[in-house]
A.B. asks: 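So that we are looking at the same thing, I have put the structure below in structure tokens.
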Amino acid sequence: MKFIHGARAKYEQEPEKLSNLVNYAMLRHCLDLDFEGAKPIYEKAIKLSPNHPLISRAYGIFLLASCQPSQATSLQTAMRLFHEADVSDPHQRMIRSAAEIYFRWSVLGNAKNPLALLNYALLHQCIYKQYEHAEKIYRAALAIDSRNKYVADNYSLFLLERYPG
């Protein structure tokens, strides 16, 4: 909790520092569930460090979760970011602590929020390649709100990838 509160304060003190940008973007994305607020911060971070594996993975998840237009372009960009991150950080060391702090904590604090579950499903699908677990999380999100466009669109893409044809 202390780290999360510190991320907001550090960003306010030094908004140009890369680590502050990344942590604040993830806070806005995962904990505040504020896609509009997270977008310009992620864009600034990815521009400063386009090959940083943590930024690439978090921003890729963000692009998918927020269903940025065009969805096809966002999907291609996210897949490229995930691939580049896998090359530079094959053991996923840089995403592990962030996943615990932001993605998992969001689910623990917002277990009934489909967007929190969506972010967590995308983490398990795209980063950890734990497809069965991702599908369970998608289904839990849809059970809460079957009409949530973000969850429904991402789950449809997941099913197309998993069960083509």
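Excluded from the calculations below are hydrogen atoms, water molecules and symmetry mates; all remaining heavy atoms, backbone and side chain alike, are included.
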A.B. asks: Let me check something: do Leu115 and Leu108 share a hydrophobic cluster, defined by ILVMFWY side-chain heavy atoms less than 4.5 Å apart, either directly or through other members?
C.D. replies: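 Yes; Leu108 is reachable from Leu115 via cluster members.
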
A.B. asks: Measure across Leu21 and Glu16 and return the closest heavy-atom pair with its distance rounded to 0.1 Å.
C.D. replies: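 Taking every non-hydrogen atom into account, CD1-O, 4.0 Å.
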
A.B. asks: In terms of side-chain geometry, is the basic nitrogen of Lys149 or Asp153 positioned less than 4.0 Å from the acidic oxygen of its partner?
C.D. replies: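 Result for this pair is yes, salt bridge flagged.
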
A.B. asks: Passes side chain to side chain contact (heavy atoms under 4.5 Å, CB included), Leu64 versus Met79? Steps please.
C.D. replies: CA-CA 10 Å; Leu64 297 176; Met79 293 301 124; 4.2 Å; yes

A.B. asks: Calculate, to the nearest 0.5 Å, the distance between atoms CG and CG belonging to Asn154 and Leu122 respectively.
C.D. replies: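 The CG atom of Asn154 sits 5.0 Å away from the CG atom of Leu122.
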
A.B. asks: So with a 6.0 Å cut-off around CZ of Phe82, is the heavy-atom count from everything else above 12?
C.D. replies: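 Enclosed.
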
A.B. asks: Is Asn20 reaching over with its side chain to a backbone N or O of Glu14, donor-acceptor style, under 3.5 angstrom?
C.D. replies: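 Flag set: sc Asn20 to bb Glu14 pair under 3.5 Å.
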
A.B. asks: Applying the ring-ring contact (aromatic ring centres under 6.0 Å, His included) criterion to Phe62, which one of Tyr102, Tyr42, Phe103 satisfies it?
C.D. replies: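 With Phe62 as partner, Tyr102, Tyr42, Phe103 yield a single ring-ring contact (aromatic ring centres under 6.0 Å, His included), made by Tyr42.
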
A.B. asks: Does Arg139 come within less than 4.0 Å of Glu135, counting only side-chain N to carboxylate O?
C.D. replies: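 Salt bridge between Arg139 and Glu135, a charged N being under 4.0 Å from a carboxylate O: yes.
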
A.B. asks: Would you mind reporting whether Ser56 and Ile46 have side-chain heavy atoms less than 4.5 Å apart?
C.D. replies: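 Counting from C-beta outward, Ile46 and Ser56 do come under 4.5 Å.
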
A.B. asks: First locate atom CG of Leu117, then atom CD1 of Ile144, and finally report the distance between them rounded to the nearest 0.5 Å.
C.D. replies: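 Separation between the atoms: 5.0 Å.
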
A.B. asks: With sequence neighbours excluded, what pairs up with Tyr128 under the ring-ring contact (aromatic ring centres under 6.0 Å, His included) test?
C.D. replies: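 Here the qualifying residues are His124.
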
A.B. asks: Could you check whether any side-chain N or O of Asp34 sits under 3.5 Å from a backbone N or O of Gly37, counting only pairs where one atom can act as donor and the other as acceptor?
C.D. replies: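 Pair found, side chain donor or acceptor close to backbone of Gly37.
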
A.B. asks: If I compare all heavy atoms of Ala121 with all of Ala134, which pair ends up nearest, and what's the gap?
C.D. replies: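 Looks like O-CB, 3.5 Å.
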
A.B. asks: Can you check whether Pro90's main-chain N or O pairs, donor with acceptor, with Asp86's side chain at less than 3.5 Å?
C.D. replies: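 Here the side-chain-to-backbone pair does not exist.
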
A.B. asks: Applying salt bridge (Lys or Arg N to Asp or Glu O under 4.0 Å), run through Asp32 and Arg8 and close with a yes or a no.
C.D. replies: CA-CA 11 Å; Asp32 294 346; Arg8 207 177 297 275; 3.2 Å; yes

A.B. asks: Apply side-chain hydrogen bond (donor to acceptor under 3.5 Å, both in side chains) to Tyr24 and list each qualifying residue two or more places apart in sequence or on a separate chain.
C.D. replies: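 side-chain hydrogen bond (donor to acceptor under 3.5 Å, both in side chains) list for Tyr24, sorted by chain: Arg28.
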
A.B. asks: Any side-chain to backbone donor/acceptor pair from Arg57 onto Ala85? Under 3.5 Å, distance only.
C.D. replies: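 Yes; judged by distance alone, with no hydrogens or angles, the pair exists.
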
A.B. asks: Applying salt bridge (Lys or Arg N to Asp or Glu O under 4.0 Å), name anything that partners Arg104, two or more places apart in sequence or on another chain.
C.D. replies: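 Arg104 satisfies salt bridge (Lys or Arg N to Asp or Glu O under 4.0 Å) with Glu100 once adjacent residues are dropped.
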
A.B. asks: As an exercise, state the distance from NE2 of His29 to OH of Tyr59, rounded to the nearest 0.5 Å.
C.D. replies: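 Rounded to the nearest 0.5 Å, the NE2-OH separation comes out at 11.5 Å.
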
A.B. asks: Restricting to non-hydrogen atoms, name the atom on Cys30 and the atom on Leu33 that form the minimum distance, rounded to 0.1 Å.
C.D. replies: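 Taking Cys30 first and Leu33 second, the nearest heavy atoms are O-CD2, 3.2 Å.
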
A.B. asks: Do you know which two heavy atoms are closest between Asn148 and Pro114, and how far apart they sit?
C.D. replies: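 Smallest interatomic distance, heavy atoms only, reads ND2-CG, 3.7 Å.
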
A.B. asks: Kindly write out the residues that satisfy ring-ring contact (aromatic ring centres under 6.0 Å, His included) with Tyr138, not counting sequence neighbours, or none if the list is empty.
C.D. replies: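 Result, ring-ring contact (aromatic ring centres under 6.0 Å, His included) vs Tyr138: Tyr155, Phe158.
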
A.B. asks: If I take atom CD1 from residue Ile137 and atom CG from residue Leu142, how far apart are they, to the nearest 0.5 angstrom?
C.D. replies: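 Output value for this atom pair is 12.0 Å.
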
A.B. asks: Sorted by first residue and then second, give each salt bridge (Lys or Arg N to Asp or Glu O under 4.0 Å) pair with at least one member in residues 67-81; sequence neighbours left out.
C.D. replies: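 Matches after skipping sequence neighbours: Arg80-Glu84.
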
A.B. asks: If you draw a 6.0 Å radius around NZ in Lys129, do more than 12 non-hydrogen atoms from other residues or ligands fall strictly inside?
C.D. replies: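 Atom NZ in Lys129 is packed in, count exceeds 12.
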
A.B. asks: Of all heavy-atom pairs between Leu27 and Ala7, which one has the smallest distance, and what is that distance?
C.D. replies: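 What the structure gives for the nearest pair is CD1-CB, 4.0 Å.
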
A.B. asks: Can you measure from NE2 (His133) to CG (Leu123) and round to the nearest 0.5 angstrom?
C.D. replies: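 Reported value, rounded in 0.5 Å steps: 9.0 Å.
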
A.B. asks: Which pairs, with at least one residue in residues 62-76 and sequence neighbours excluded, count as a side-chain hydrogen bond (donor to acceptor under 3.5 Å, both in side chains)?
C.D. replies: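 Passing the test, one end in residues 62-76: Lys39-Gln68, Ser66-Gln68, Ser70-Thr73.
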
A.B. asks: Atom CG in Leu81, atom NE2 in His52: separation rounded to 0.5 Å?
C.D. replies: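 Those atoms lie 13.0 Å apart.
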
A.B. asks: Heavy atoms only: give me the nearest Val22-Ala45 pair and the separation to one decimal.
C.D. replies: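 Smallest interatomic distance, heavy atoms only, reads CG2-CB, 4.2 Å.
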
A.B. asks: Is there a side-chain contact between Lys10 and Lys17 in this structure, where contact means two heavy atoms from C-beta onward sitting under 4.5 Å apart?
C.D. replies: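 Lys10 vs Lys17: side chains apart.
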
A.B. asks: Do the non-hydrogen side-chain atoms of Pro53 and Ile95 ever get within less than 4.5 Å of each other?
C.D. replies: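 SC-SC contact between Pro53 and Ile95 ruled out.
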
A.B. asks: Is a donor on one side and an acceptor on the other found under 3.5 Å between the side chain of Asp89 and the backbone of Met94?
C.D. replies: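 Checked: pair present.
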
